[in-house]
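For reference, the structure discussed in these notes is given below.
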Amino acid sequence: MARDPAAPHPTINDRPFADLDITTFHDLLRLRVDVFVVEQTCAYPELDGRDTEPETRHVWLDGPDGRPVALIRVLAEPDGSHRISRVVTRVEARSAGLAGVLLDHVHATTPGRLVLDAQTYLVPWYDSLGYEATGGEFLEDGIPHVPMAREGAQA
């Protein structure tokens, strides 16, 4: 189900928490919980307090049903870098290139260093997007991860 490069790009939503309505925020959280907590069976604090930070960006694509189908959360870190987190796509939309569309947008609109903790099986994909490992593999919530980084847009 690879994305047709000739197809029009879907509309990318990119908003801080203050600009989200309650229904949209609910739907973003539901997608994250459906995948990370239910599908991947990770009991972890999904509501970590960072969604509401003024500089946090919620970046997503809506599906044909009007609900989020893929999303990324971008956090401003104290060292000036930006952390990409909560990269998720609904199961029926995987392999369509939607996470790549969102990451391309984040790369083009976020200045400075971008950091993330990639699930180990996704390291080759992140490598193909210009990320490099910055440390060794570690377990987070029972899932192997690798810290990675790349440069974002020019300031």
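Index from 1, following the sequence. Computed from heavy atoms alone, side chains included, the values below leave out hydrogens, waters and symmetry copies.
Counting all heavy atoms, side chain and backbone alike, Arg113 lies closest to Ala149 at NH2-CB, 3.3 Å. Scanning both residues, Pro16 and Pro54, for their nearest heavy atoms gives CB-O, 4.1 Å. Across all non-hydrogen atoms, the minimal contact from Arg90 to Pro68 is NH1-O, 3.4 Å. Ala153 approaches Ala108 most closely through the heavy-atom pair CB-O, 3.3 Å. Nearest heavy atom pair, residue Trp125 against residue Ala99, reads CH2-CB, 3.8 Å. Nearest approach of Leu102 to Ile12, heavy atoms of both residues: CD2-CG2, 4.1 Å.
Note that CG of Leu28 is 12.0 Å distant from CD1 of Ile72, once rounded to the nearest 0.5 Å. To the nearest 0.5 Å, atoms CG (Asp19) and OG1 (Thr24) are separated by 11.0 Å. Interatomic distance, NE2 of His26 versus CG of Leu20, reported as 13.5 Å (0.5 Å rounding). Asp14 CG to Thr109 OG1: the interatomic distance, rounded to the nearest 0.5 Å, is 5.5 Å. One finds the CZ atom of Arg30 at 12.5 Å from the OG1 atom of Thr23 (value rounded to the nearest 0.5 Å). With values rounded to the nearest 0.5 angstrom, Phe17 atom CZ is found 11.5 Å from Glu53 atom CD.
Connection of Val74 to Leu129 is established within a shared hydrophobic cluster, with ILVMFWY side chains joined at heavy-atom distances below 4.5 Å, either directly or through further cluster members. At a threshold of 4.5 Å between side-chain heavy atoms, the hydrophobic network of Ile, Leu, Val, Met, Phe, Trp and Tyr places Val106 and Leu75 in two separate groups.
Between Tyr121 and His145, the distance from one ring center to the other does not fall under 6.0 angstrom.
Just one of Leu114, Val115, Val123 meets the side-chain contact (heavy atoms from CB on, under 4.5 Å) condition when paired with Met148; it is Val123. When each of Asp27, Asp48, Asp51 is checked for a salt bridge (charged side-chain N to carboxylate O under 4.0 Å, His left out) with Arg32, only Asp51 meets the rule.
Sorted by first and then second residue, the pairs that involve residues 74-85 and meet salt bridge (charged side-chain N to carboxylate O under 4.0 Å, His left out), not counting sequence neighbours, are Arg50-Glu77, Glu77-Arg83, Arg83-Asp117. A salt bridge (charged side-chain N to carboxylate O under 4.0 Å, His left out) check over residues 127-137, counting only residues at least two apart or in different chains, returns nothing.
Side-chain N or O atoms of Arg94 include one that pairs as donor or acceptor with a backbone N or O of Thr89 at under 3.5 Å. Although no hydrogens or angles enter the test, the distance criterion places a donor-acceptor pair under 3.5 Å between the side chain of Thr120 and the main chain of Pro144. Distance alone, capped at 3.5 Å, places no donor-acceptor pair between the Asn13 side chain and the Val59 backbone.
Taking Asp104 as the reference, nothing meets the side chain to side chain donor-acceptor pair (under 3.5 Å) condition, with sequence neighbours excluded.
Ring-plane geometry between Tyr131 and His107 is classed as tilted, the angle between the planes lying from 30 to 60 degrees on a 0 to 90 degree scale.
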> Are Arg57 and Thr110 close enough, and set up right, to give a side-chain hydrogen bond (donor to acceptor under 3.5 Å, both in side chains), and what steps lead you there?
Replying inline: CA-CA 10 Å; Arg57 292 166 50 204; Thr110 310; 2.6 Å; yes

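Around CD1 of Ile22, the count of heavy atoms belonging to other residues, nucleotides or ligands within 6.0 Å does not exceed 12.
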